[in-house]
Amino acid sequence: MKFLQQFTKHAIFATTLALTASAHAEQALDLDSLLKTLEQGQTAQTAQNKQREADFKAQQNNQIQMLNTLTAERNQALAKSERLETNFEENEIKLANLSDTLSKRMGTLKELFGVLQQVAGDSSNKFATSVVSAEIKGRDDYMTELAKKMGSTSRLASIEDIEKVWFEMQREMTEQGKVSRFNTEVIVAGGAKQNKEVLRVGAFNLIADGKYLTYNNDTQTISELTRQPASRFTSTAGELQDAKTGSVDFALDPTGGSILGLLVQAPNTEEQVHQGGAVGYVILGVGLLALLIAIERFISLMLMGSKINRQLKDSVARDDNPLGRVMKVKEQYPDVAYDTLELKLSEAILREMPKITRNLTLIKIISVVAPLLGLLGTVTGMINTFQAITLFGTGDPKLMAGGISQALVTTVLGLVVAIPTVFLYTLLNTRSRNLLLILQEQSAGIIAERSEKGA
């Protein structure tokens with residue numbers, strides 16, 4: 001180390017001499033001046049080197065002092081870390097001991113608080129969906145906060161909390177047997193808000209102006225159902241709201257809205273008819289045609305029957321009824337033999353038969369075609385359902401159920417048209433056969449009378 005320092009000093013000295021000699025070479029006039037200059041430079045360089053050595057030693061001492069300071073700080077930090085670790089372990093042991101002591105001291109109260117937490121959570125969910133909350137607000141929030149509080153081992157329920165849970169549960173049971181009226185804002189169709197008198201039927205239904213309402217706990221709002229159930233249900237709601245005393249029949253939903261929601265979603269008769277599609281419209285069209293024909297035939301046969309009955313009471317044949325026109329054959333052929341007269345009368349009856357049995361065959365055809373059209377619509381609907389299953393899979397049962405339901409509507413329409421059409425055809429056919437039987441009976445009487453005269 002010393003050798004290195006001496007070598008460095010000599011190198012610096014030589015370099016300084018060279019620089020000084022080159023700097024004063026032009027100024028030196030002789031060798032004495034040059035020598036003097038070199039001596040002065042050597043003296044200045046020696047003083048400078050000593051100053052540098054002193055500065056270096058001073059800085060070295062500062063570095064050693066800084067190192068010692070940092071080492072001391074590190075040792076203090078390590079010592080503090082050890083103390084903290086020791087405190088942490090001691091605190092864990094104390095916490096475990098305290099928790100064990102708490103569990104032992106709580107005893108059966110721990111089970112009580114667990115049941116209380118469960119009851120508070122269940123009550124919070126029940127109150128959130130109960131229509132009683134539409135009139136009495138904030139109950140579910142309290143139960144939720146209490147359940148969270150009971151979930152923390154550091155906080156226990158007080159006697160007031162336990163009594164509050166009991167009170168809210170008792171009030172819910174009490175309100176289930178009451179019919180209460182209160183005024184609040186109701187969202188009507190179109191989104192407008194109106195202040196109305198709302199009738200709460202226990203914890204089951206809300207009604208206003210004869211309409212069923214629904215309560216949304218998330219938004220704390222009451223709104224009319226966009227689609228009301230059948231009139232036989234809404235009529236009971238109006239009667240209950242108008243009643244002041246006594247008992248009134250009311251369509252109650254014991255599920256709190258689930259059954260009512262299903263009733264609202266169920267399609268009415270008009271919507272079911274539209275579900276039949278084009279085939280359903282064709283079935284209804286031919287059914288209407290059969291009905292019109294049946295009405296026309298019924299009226300015609302009734303008038304025709306009344307005229308025939310009048311003709312039976314009158315011996316003078318008239319042209320305004322089939323029996324009169326058949327009886328006129330006897331007058332047109334007074335001298336022919338009875339067998340010839342029989343042929344003439346049969347011919348007259350055959351001429352009257354198309355008028356009596358007109359369009360009855362068409363009614364019969366419609367009664368047979370209607371269920372076949374219904375079957376056609378069902379097959380077409382099932383094909384569409386299976387195509388939807390091919391595209392979307394069977395993950396949604398409602399997709400298949402809805403498609404099958406729509407497909408079966410045409411079968412129902414076909415049967416609805418066919419059954420009364422068969423009944424009408426049978427009734428009209430029987431009526432027409434009775435009229436023809438009267439004509440044949442009277443014709444037989446005329447032939448017998450002519451036969452007796454011929455004999």
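In this text the structure is predicted, and so the values were computed from the model without any measurement. All values below were derived from every heavy atom in this structure, side-chain atoms included, with hydrogens, water molecules and symmetry-related copies excluded.
Taking CG of Asn75 as the start and CG of Leu70 as the end, the distance is 11.0 Å to the nearest 0.5 Å. Taking CZ of Arg171 as the reference point, atom CE of Met173 lies at 12.5 Å (rounded to 0.5 Å). Taking CD1 of Ile438 as the start and CE of Met304 as the end, the distance is 11.5 Å to the nearest 0.5 Å. The NZ atom of Lys330 lies 11.0 Å from the OG atom of Ser443; values are rounded to the nearest 0.5 Å. Note: Glu168 CD to Phe127 CZ = 5.5 Å, rounded to the nearest 0.5 Å. The line from CD1 of Ile159 to CD1 of Ile162 is 5.0 Å long, rounded to the nearest 0.5 Å.
A donor-acceptor contact shorter than 3.5 Å links the side chain of Ser123 to the backbone of Val119. A donor-acceptor pair under 3.5 Å is absent between the side-chain atoms of Ser124 and the main chain of Ala120, judged by distance alone. Arg297 places a side-chain N or O within 3.5 Å of a backbone atom of Ile356 that can act as its donor or acceptor partner. Not one N or O on the side chain of Glu197 forms a donor-acceptor pair closer than 3.5 Å with the backbone of Arg181. The backbone N or O of Leu362 sits nowhere less than 3.5 Å from a side-chain atom of Asn359 that would complete a donor-acceptor pair. Checking side-chain atoms of Ser367 against main-chain N and O of Lys364 turns up a donor-acceptor pair under 3.5 Å. A donor-acceptor pair under 3.5 Å is formed between the side chain of Gln241 and the backbone N or O of Gly210.
Counting non-hydrogen atoms of neighbouring residues, nucleotides and ligands closer than 6.0 angstrom, the NZ atom of Lys193 reaches no more than 12 such neighbours. No more than 12 heavy atoms of other residues, nucleotides or ligands lie within 6.0 Å of CG in Asp249, so this atom counts as exposed by the packing criterion. More than 12 heavy atoms of other shown residues, nucleotides or ligands fall within 6.0 angstrom of atom CZ in Phe182. Other residues, nucleotides and ligands place more than 12 heavy atoms under 6.0 Å from the CD atom of Glu331.
Contact detail for Thr219 and Thr221: the closest heavy-atom pair is OG1-OG1, 2.7 Å. Here the closest non-hydrogen pair linking Asn205 and Val131 is N-CG2, 4.2 Å. Contact between Gly280 and Thr410 at its shortest, heavy atoms only, is N-CG2, 4.2 Å. Heavy-atom minimum distance, Val248 versus Ala243: CG2-CB, 3.4 Å. For the pair Val132 and Ala203, the tightest heavy-atom approach, listed with the atom from each and the gap, is CG2-CB, 3.7 Å. Taking both residues in full, the closest heavy atoms of Tyr212 and Phe233 are given as OH-O, 3.5 Å, listed atom of the first, atom of the second, then distance.
In this structure, the side chains of Lys211 and Leu225 stay at 4.5 Å or more apart for every pair of heavy atoms. For the pair Arg139/Glu172, a side-chain contact is recorded, criterion being any heavy-atom separation below 4.5 Å from C-beta on. Side-chain contact between Thr69 and Glu73: present, with at least one pair of heavy atoms (C-beta onward) separated by less than 4.5 Å. A 4.5 Å side-chain heavy-atom check between Met169 and Lys126 finds every atom pair outside the cut-off. Contact check for Val286 versus Val369: no side-chain heavy atoms found under the 4.5 Å cut-off. Contact check for Gln63 versus Leu67: no side-chain heavy atoms found under the 4.5 Å cut-off. Between Gln76 and Lys80, the closest side-chain pair of non-hydrogen atoms is not below 4.5 Å. Put simply, the side chain of Asn97 reaches to within 4.5 Å of the side chain of Ile93, judged on heavy atoms.
Among the candidates Thr184, Asp209, Asn183, the single residue satisfying the side chain to side chain donor-acceptor pair (under 3.5 Å) test with Lys196 is Asp209.
For Glu352, the side-chain contact (heavy atoms from CB on, under 4.5 Å) partners at least two apart in sequence or on another chain are Pro322, Arg325, Val326, Lys355, Leu439.
Ionic pairing of Lys328 and Asp319 is present here: one or more N-O contacts between side-chain nitrogen and carboxylate oxygen are shorter than 4.0 angstrom. The pair Arg351-Glu347 counts as a salt bridge, with a side-chain nitrogen and a carboxylate oxygen less than 4.0 angstrom apart.
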Practice prompt. Would you please test Tyr215 and Gln220 for side-chain hydrogen bond (donor to acceptor under 3.5 Å, both in side chains) and show each step?
Written response: CA-CA 7 Å; Tyr215 173 66; Gln220 301 288 319; 3.1 Å; yes
Worksheet item: Going through the distances and angles, do Thr236 and Leu240 end up as a side-chain contact (heavy atoms from CB on, under 4.5 Å)?
Response: CA-CA 6 Å; Thr236 62; Leu240 178 62; over 6 Å; no
Worksheet item: After noting the C-alpha distance and the side-chain angles of Glu92 and Leu95, does the key distance pass the side-chain contact (heavy atoms from CB on, under 4.5 Å) rule?
Response: CA-CA 5 Å; Glu92 279 192 334; Leu95 181 61; 5.6 Å; no
Item to complete: Apply side-chain contact (heavy atoms from CB on, under 4.5 Å) to the pair Leu372 and Leu376, showing each step before the final yes or no.
Response: CA-CA 6 Å; Leu372 295 179; Leu376 174 62; over 6 Å; no
Item to complete: Report the C-alpha distance between Val165 and Asp161 in whole Å, list the side-chain angles of each, state the deciding distance to 0.1 Å, and finish with yes or no for side-chain contact (heavy atoms from CB on, under 4.5 Å).
Response: CA-CA 6 Å; Val165 172; Asp161 293 333; 5.7 Å; no
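No hydrogens or angles considered: nothing links the side chains of Thr357 and Ser432 as a donor-acceptor pair under 3.5 Å.
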Can I get a per-line list of side-chain donor-acceptor pairs under 3.5 Å for residues 416-431, giving both atom names and the distance, sequence neighbours left out?
| from | atom 1 | to | atom 2 | distance (Å) |
| --- | --- | --- | --- | --- |
| Thr421 | OG1 | Val417 | O | 2.4 |
| Thr426 | OG1 | Val422 | O | 2.8 |
| Thr430 | OG1 | Thr426 | O | 2.7 |

